[in-house]
Amino acid sequence: MGQPVREYLLTLCVTVAVTYLLTGPVRKFAIAVGAMPAIRARDVHREPTPRLGGIAMFGGLCAGLLVADHLQSLNGVFELSNEPRALLSGAALIWLVGVLDDKFEIDALIKLGAQMISAGVMVMQGLTILWIPVPFIGTVALTQWQGNLLTVALVVITINAVNFVDGLDGLAAGMVCIASCAFFLYAYRIWFGYGIEAAAPATLFAAILMGMCLGFLPHNMHPARIFMGDSGSMLIGLVLAAGAISITGQVDPDAMALFAGGERNATHAMLPVFIPLLLPLTIIAIPMADLILAIVRRTWNGQSPFAADRGHLHHRLLELGHSHSRAVLIMYFWSGLIAFGAVAYSVHSTSMWIVLAIAALSAVGLILLLLPRFTPRTPRWAEFLVPPRYRHSARRAEAAAEAAAREATAIEPAPARPVVAGVSGVNGATAVGARSRFPDRRKAESTR
């Protein structure tokens, strides 16, 4: 087992290195070709930032597949299965459409059609769902048309879920990296734990997807120097969907029954995989929740489901008062809790400790969500352990400065100014005086 682990690690490192090294030149290329759209009302960044980061991520995907094809243990994936070629074909098509969208802003319906065609390309080459494991019932075989339609639907839903969550620096890449890490652990356990070679392609896809995200994250963390754009978000969404489809629709639960003690127990052990078939809940639960809420919100308001707005989950976190970095970390926390919790439950589904640990961590997550609502009171003996803004001396100095500013404003006479017809009063948009025109800029930004 040591040899495959080293080869997976080598594939991961090559993918990370290629993606990381390509991102710098891609950024210069994006600036040169003008792939820097103007800032929109729903954006949270303040300066035009180049896109086309998906070019570097696609380069990392190709490098990872190329290296794996020349390794002793992973070469069998390409010889026994056509799924890696199917993934590369669909990824190349969706990546090309994403690059054109990052530069020319393609219509949403055209992108939807391209996503369906990319999924169809993978289906034609064998990457499709053959059966569905249903808990406590067994394996339900699908007809060819049922499997193809379900595969296309899952690919389109996953791509758009990842695309919707790509709204903050480092958010989409980090969440997909967390999900792919948990998925890799589960797929690796099925392959080498149960000896089922049909899980090998999904394990390879998860390792390469981790490398793509890890290589791009240093350039995309706040403040981001480059965005992945639709060329990157649709690409990683397709790779994530391909892994879920491969391990769910290709791995036969009857083979696992030899090791799990019966067909029902085998199906129950596959819980973290067949749930992603419904609406990838355990793999990308947060993006899927954001996607569903966005569709309901826009439809309720009489808008198109593809209309952009500032109502996503990450926008709500900013409105609560969280900083950019804290909002991203909170989304990371919930994604990791759901993904790794599902994997842990699949290993020991009868253990009550796992359920209690998930419940306790969920409570911690809820407390993190409420942090902006209160200012913690730190004991004097522990002030050196906390940031300066939570210390008594800093709060007293801040309060004194605010009182002095209010007193100076109250006693300072307002400067004389001519009366102009049609100009609003002191509370209007043209008010002048000793105070700044933007007394609380942060709050003004969060309510747009």
Side-chain angles (χ1 to χ4, degrees), residues 8 12 133 135 154-155 157-166 168 170-191 193 199 202-214 216-217 233 236-248 251 268-293 313-314 317 327-349 351 353-366 368-369:
Y8 277 123
L12 173 66
L154 283 174
V155 172
I157 290 173
T158 308
I159 289 175
N160 286 280
V162 176
N163 192 18
F164 272 44
V165 82
D166 184 24
L168 296 180
L171 181 58
M175 291 180 66
V176 172
C177 182
I178 293 171
S180 59
C181 181
F183 196 78
F184 173 81
L185 295 177
Y186 181 79
Y188 188 87
R189 175 173 172 265
I190 291 180
W191 185 11
T203 311
L204 177 61
F205 297 165
I208 293 177
L209 183 57
M210 273 193 293
M212 295 164 59
C213 296
L214 288 175
F216 184 73
L217 266 176
S233 62
I236 61 178
L238 183 138
V239 178
L240 184 61
I245 291 170
S246 174
I247 200 169
T248 308
V251 175
H268 185 64
M270 294 190 71
L271 180 64
V273 178
F274 70 75
I275 288 182
L277 262 179
L278 302 178
L279 280 179
L281 294 179
T282 60
I283 302 301
I284 49 170
I286 302 300
M288 283 306 307
D290 194 16
L291 172 63
I292 296 173
L293 291 175
L313 295 178
H314 47 271
L317 290 175
V328 171
L329 292 177
I330 289 175
M331 299 286 280
Y332 285 177
F333 173 84
W334 283 105
S335 297
L337 176 62
I338 295 174
F340 286 97
V343 173
Y345 184 75
S346 70
V347 177
H348 298 288
S349 58
S351 176
W353 289 106
I354 295 178
V355 178
L356 294 177
I358 294 175
L361 291 174
S362 300
V364 172
L366 293 176
L368 293 176
L369 291 176

Hey, which of I338, L361, I178 is the one that makes side-chain contact (heavy atoms from CB on, under 4.5 Å) with F333? L361

Calculate, to the nearest 0.5 Å, the distance between atoms CZ and SG belonging to F216 and C177 respectively. 13.0 Å

Compare every heavy atom of S362 with every heavy atom of L337, then report the nearest pair and how far apart it is. CD2-OG, 3.5 Å

Distance in Å, L217 CG paired with M212 CE, rounded so as to fall on 0.5 Å steps: 12.0 Å

d(L154 CG, I159 CD1) to nearest 0.5 Å is 11.0 Å

Flag side-chain contact, heavy atom, 4.5 Å: I190 against Y186: yes

Which heavy atom of V176 sits nearest to which heavy atom of C213, and what is that distance? CG1-SG, 3.9 Å

Side-chain contact test, heavy atoms from C-beta onward, threshold under 4.5 Å: evaluate it for D166 versus L171 and give yes or no. no

From CH2 (W191) to CZ (F184), nearest 0.5 Å: 9.0 Å

So, using side-chain contact (heavy atoms from CB on, under 4.5 Å) as the criterion, who are the partners of L329 when residues are at least two apart? Y332

Please report, to 0.1 Å, the donor-acceptor pairs under 3.5 Å made by any side chain of residues 202-211, with sequence neighbours excluded.
from: T203; atom 1: OG1; to: A187; atom 2: O; distance (Å): 3.4
from: T203; atom 1: OG1; to: A199; atom 2: O; distance (Å): 2.8

When every non-hydrogen atom of G237 is compared with those of V162, the smallest separation belongs to CA-CG2, 3.9 Å

Applying side chain to side chain donor-acceptor pair (under 3.5 Å) to S233 and not counting sequence neighbours gives N163

